[in-house]
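Read the structure below first, then the notes.
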Amino acid sequence: MACLALKLKLDGVPFNLDVTLCCGQVFRWRQLGGWWYGVVGEHVFKVRQVGNEVFYANVDESMVKRYFSLDHDLERIRLRTCRDAYVRQAFERFWGLRLIRQDPWECLISYVSAAWRNIPAINRSLQALAQAHGEKLSYDGQVFYAFPTPERLACVTEKSLRNCGLGYRARYIHEIAQQVSSGAFTLKRLRGMPYAQAWDELTVLRGVGPKVADCVLLFAFEKLEAFPVDVWVARVLKAHYARYMPEAVAKLAGGALSPSAYAKIGASARAYFGEYAGYAQQYLYHNERTCMQTRK
DNA sequence: CAGGTC
DNA sequence: GCTGG
């Protein structure tokens with residue numbers, strides 16, 4: 001079915017669609033013929049930006065605004081978060097990057113599958129997973145796949161999950177799907193919880209450690225104080241934040257972080273960057289990945 | 001060597 | 001410990 005594209009005027013609201021979709025927070029978006037195509041829940045839609053206007057089709061405006069968090073006061077976040085020249089420069093470079101409100105289930109499985117792998121490999125196995133077990137959807141003459149539901153993944157064999165390139169993570173994903181589909185674990189419940197409590201709940205799941213929990217809370221549950229620390233963010237902190245949070249950076253000296261060390265780094269980052277620490281994290285993460293590729 | 005975890 | 005880029 002042909003869908004008419006509608007137009008949303010940003011009217012001064014800062015937004016950069018390309019950076020928002022390319023900064024590594026979300027997977028499975030595809031660029032085709034000048035449009036970005038994405039599947040959110042069971043719904044395919046497309047979107048593109050030309051200057052101060054956002055065009056979209058097969059979706060309503062409120063959904064676009066909600067998904068891309070256009071209601072976040074980015075100017076306020078910038079003022080509140082930019083405590084030093086380094087993070088300020090990252091905000092300037094990628095101004096308009098917004099944290100997306102992802103589907104919690106897909107986000108959870110995405111970041112469980114992301115542990116200790118590079119982004120191309122993550123994209124590949126998430127696509128394979130959707131293609132093998134998700135509902136087939138057609139739009140604009142293209143084929144897309146919804147992300148497989150918990151019920152569906154609970155019925156799939158672990159071996160079938162391994163065939164999607166998930167390696168040993170297949171076991172965690174299978175187990176989590178069973179817990180969620182049976183009702184033993186409820187994702188919706190996390191919505192109303194404060195950050196720390198939701199973090200405690202999530203890390204009960206096998207395959208969900210401190211870092212994965214922070215990603216899910218930041219990208220799907222709008223806990224903007226969550227500060228995921230991965231290898232890239234650890235590099236930024238070591239290189240540029242030793243004088244602002246010395247005790248946290250000292251803990252990054254060795255290899256793997258203990259849960260308590262990870263928690264202290266998060267607490268320091270929240271104390272320093274404030275209630276929107278997650279925004280600082282995403283700007284710094286993307287900045288590090290795009291500008292410092294060759295650094296060890 | 002990878003958006004860490006058991 | 002899997003395993004692809």
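First the proteins, then the strands, lettered A, B, ... as listed; each starts at 1.
Contacts of L161(A) with the nucleic acid, taken as non-hydrogen atoms under 4.0 Å apart, are absent. Nucleic acid contact for G24(A): base, since at least one base atom lies under 4.0 Å from a heavy atom of the residue. Heavy atoms of R124(A) sit under 4.0 angstrom from primed sugar atoms or phosphate atoms, though from no base atom. In this structure, Y172(A) reaches the bases: a heavy-atom distance under 4.0 Å links it to at least one base atom across the strands shown. Nucleic acid contact class of V112(A) (heavy atoms, under 4.0 Å, all strands): none. Residue E175(A) is out of contact with every strand shown, counting any heavy-atom pair closer than 4.0 Å. Nucleic acid contact class of V229(A) (heavy atoms, under 4.0 Å, all strands): none.
Defined by atom type and a distance below 3.5 Å, a donor-acceptor pair is missing between the side-chain atoms of N123(A) and R28(A).
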task = Kindly determine whether R76(A) and Y276(A) satisfy side-chain hydrogen bond (donor to acceptor under 3.5 Å, both in side chains), including the steps that lead there.
result = CA-CA 10 Å; R76(A) 172 186 158 80; Y276(A) 306 117; 3.0 Å; yes
query = How far apart are the C-alpha atoms of R270(A) and E275(A), what are their side-chain angles, what is the distance that settles it, and do they pass the salt bridge (Lys or Arg N to Asp or Glu O under 4.0 Å) test?
reply = CA-CA 6 Å; R270(A) 274 181 284 286; E275(A) 60 190 311; over 6 Å; no
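Atom OH in Y262(A) sits roughly 15 Å away from atom P in dG3(B) (whole-Å rounding). For N163(A) and dT3(C), the CG to P distance is 10 Å, given to the nearest whole Å. The CG atom of L257(A) sits 12 Å away from the C1' atom of dT5(B) (whole-angstrom rounding). As rounded to whole Å, 16 Å separates atom P of dG3(B) from atom CG of N287(A). The interatomic distance linking I119(A) (CD1) with dA2(B) (C1') rounds to 10 Å, in whole Å. Atom pair R117(A):CZ and dG3(B):P shows a separation of 10 Å (rounding to whole Å applied). Atom CG of D230(A) is separated from atom P of dC1(B) by 16 Å (rounded to the nearest Å). Taking atom CG on L126(A) and atom P on dA2(B), their separation rounds to 19 Å, with Å as the unit.
For R162(A), the listed nucleotide lying nearest its side chain is dC2(C); candidates were dC2(C), dG5(C), dG3(B). Set against dT5(B), dC6(B), dG5(C), the side chain of K211(A) has dT5(B) as its closest nucleotide. Each of dC6(B), dG3(B), dA2(B) was ranked by its minimum atom distance to the side chain of Q281(A); first place goes to dG3(B). For N118(A), the listed nucleotide lying nearest its side chain is dG3(B); candidates were dG3(B), dC2(C), dT5(B).
Position along DNA chain B of the nearest nucleotide to L205(A) versus V233(A) favours V233(A) as the more 5'-ward residue. Residues L166(A) and A121(A) both approach DNA chain C. Their nearest nucleotides, taken by heavy-atom distance, put L166(A) toward the 5′ side. Nearest-nucleotide positions on DNA chain B for T203(A) and P228(A) put P228(A) closer to the 5' end.
Residue W116(A) and nucleotide dA2(B) are not classified as a stacked aromatic pair, given the requirement of ring centres less than 5.5 Å apart at an interplanar angle below 30°.
Close to dG3(B), at under 4.0 Å from its OP1 or OP2, lies a side-chain N or O of R289(A).
The partner of dC6(B), taking Watson-Crick or G-U wobble pairs whose two distances both stay under 3.5 Å, does not exist in any strand shown.
A distance-only check finds a donor-acceptor pair linking the side chain of R117(A) to the backbone of S113(A) [under 3.5 Å].
The side-chain tip of R189(A) points at the ring of F185(A) from less than 6.0 angstrom away and within 45° of straight on. For the pair R98(A) and F68(A), the cation-pi test (distance below 6.0 Å, angle within 45°) is failed.
Residue E288(A) places no side-chain atom within donor-acceptor reach of the base of dG3(B), judged by atom type and a 3.5 Å distance cut-off alone.
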